[in-house]
Q: 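Just passing along the structure, written as structure tokens.
This one's a predicted model, so the numbers in the text were calculated from it and none came from an experiment. By convention in this document, chain letters (A, B, ...) are assigned in the order of the sequence lines, proteins followed by strands, and residues within each chain are numbered from 1.
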There are 2 protein chains.
Amino acid sequence: MTTDSETGASRAAAIASLDRLIHEPARLMIVTVLATVAEADFVYLVRETGLTKGNLGAHLVRLEAAGYLEIEKTFRGKVPRTVCRLTDAGLAAYRMYRDALRRTADELPEVRAGSEDGWLNRA
Amino acid sequence: MTTDSETGASRAAAIASLDRLIHEPARLMIVTVLATVAEADFVYLVRETGLTKGNLGAHLVRLEAAGYLEIEKTFRGKVPRTVCRLTDAGLAAYRMYRDALRRTADELPEVRAGSEDGWLNRA
DNA sequence: CCATGCGGTCTGTGATGCAGACTAGTCTGC
DNA sequence: GCAGACTAGTCTGCATCACAGACCGCATGG
């Protein structure tokens, strides 16, 4: 049989198992940036992601709540600054997601023009 | 500079450009199934995706509204049946998404443990 | 004739993504 | 020394959307 016996079903399961928290494009951008640079402050993230401050702040809160990143409040001179960094859990989640995404992306089938069997309701 | 000049920025743009309509896991499952089998009826999709009927119906409507798939009402004997098929636009969108996703997935960086430069706020 | 199961649609609700407004404090020009 | 502009960041409100359960119609089995 084909490489994947259940065609859609197993793929669907794989897709469904994607971490929704990271899957969200805005957060995927954030996490990707943080995976790349290890540390980033708020404005750097704003610039890299193109998100508005409000939006970014909300996503950061969500990621922090999930334990995926820690937010460290520091001061640069007298100006407060927020530095974000992925936690171990965040790193693990990122790796898992990336892995799953690659597998998913690789397995996304080419389009078949012909209407072959397999789509029948039965079974 | 590093291997990728803008590190995050370009990647972020690529991620942001992902088709949200398809990016949604539920719909990605649907579209993937349809790309695979070309045609599928409602219950087949329910089984393949594991979605509830209500949820699936809503997503189908959305995809139809976007012009990504056509919903054909037929009868099997006396029982009405709904057959879904990707439109050309849907196929194109799927291909584009898949392509973008693969590129994105491939480019998702490995984690760098060290806190290197690049994250600074200053430009 | 009634009950059950299959096929499919519809409505309500909770979550969430998003953007703009607002605050706090610093620096520059007059 | 004061006013205005800018940076840094948070908070609130709105619109959207995903999800699930309830509901309806039809056909079939007892």
Q: Which base sits across from C:dC30 as a Watson-Crick or G-U pair, both distances under 3.5 Å?
A: D:dG1
Q: When you check the phosphate oxygens OP1 and OP2 of D:dC19, does a side-chain N or O of B:His59 lie under 4.0 Å from one of them?
A: yes
Q: Under 4.0 Å between a side-chain N or O of A:Arg62 and OP1 or OP2 of C:dG17?
A: yes
Q: Between D:dC19 atom C1' and B:Leu51 atom CG, what is the distance in whole Å?
A: 9 Å
Q: What's B:Ala58 touching, base or sugar-phosphate or nothing? Going by heavy atoms closer than 4.0 Å.
A: nothing
Q: Side chains of B:Asn55 and B:His59: is there a donor and an acceptor less than 3.5 Å apart?
A: yes
Q: Using atom types as modelled and distance alone, determine if a side-chain donor or acceptor of B:Arg102 lies under 3.5 Å from a backbone N or O of A:Ala105.
A: yes
Q: To the nearest Å, how far apart are A:Glu72 CD and D:dA8 C1'?
A: 17 Å
Q: Mind calculating the distance between CG (A:Asn55) and P (D:dT10) to the nearest angstrom?
A: 14 Å
Q: Rounding to an integer number of Å, can you tell me how far B:Lys73 NZ sits from D:dG25 P?
A: 15 Å
Q: Rounded to whole Å, please give me the gap between CD in A:Glu24 and C1' in D:dT16.
A: 12 Å
Q: Between A:Gly57 and B:Arg20, who's closer to the 5' end of DNA chain D by nearest nucleotide?
A: A:Gly57
Q: So how far is it from A:Leu56 CG to A:Glu48 CD, rounded to the nearest 0.5 Å?
A: 11.5 Å
Q: Quickly work out the B:His23 NE2 to C:dG17 P distance and round it to whole Å.
A: 11 Å
Q: Does B:Arg27 place a side-chain N or O at less than 4.0 Å from the phosphate oxygens OP1/OP2 of D:dC17?
A: no
Q: Are side-chain heavy atoms of B:Leu63 and B:Leu34 found at a separation under 4.5 Å?
A: no
Q: Start at the 5' end of DNA chain D and walk down; is the nucleotide closest to B:Gly50 or to A:Ile71 reached first?
A: A:Ile71
Q: Among B:Tyr68, B:Tyr97, B:Tyr94, which residue meets the side-chain hydrogen bond (donor to acceptor under 3.5 Å, both in side chains) test with B:Asp19?
A: B:Tyr68
Q: What does A:Gly54 touch in the nucleic acid at a heavy-atom separation under 4.0 angstrom: a base, only the sugar-phosphate, or nothing?
A: base
Q: Find which nucleotide of DNA chain C each of B:Thr82 and A:Lys53 is nearest to by heavy atoms, and output the residue with the more 5' nucleotide.
A: B:Thr82
Q: Atom CZ of A:Phe42 to atom P of C:dA24: distance rounded to whole Å?
A: 17 Å
Q: Take atom CG of B:Leu21 and atom C1' of D:dT16, then tell me their distance rounded to the nearest Å.
A: 13 Å
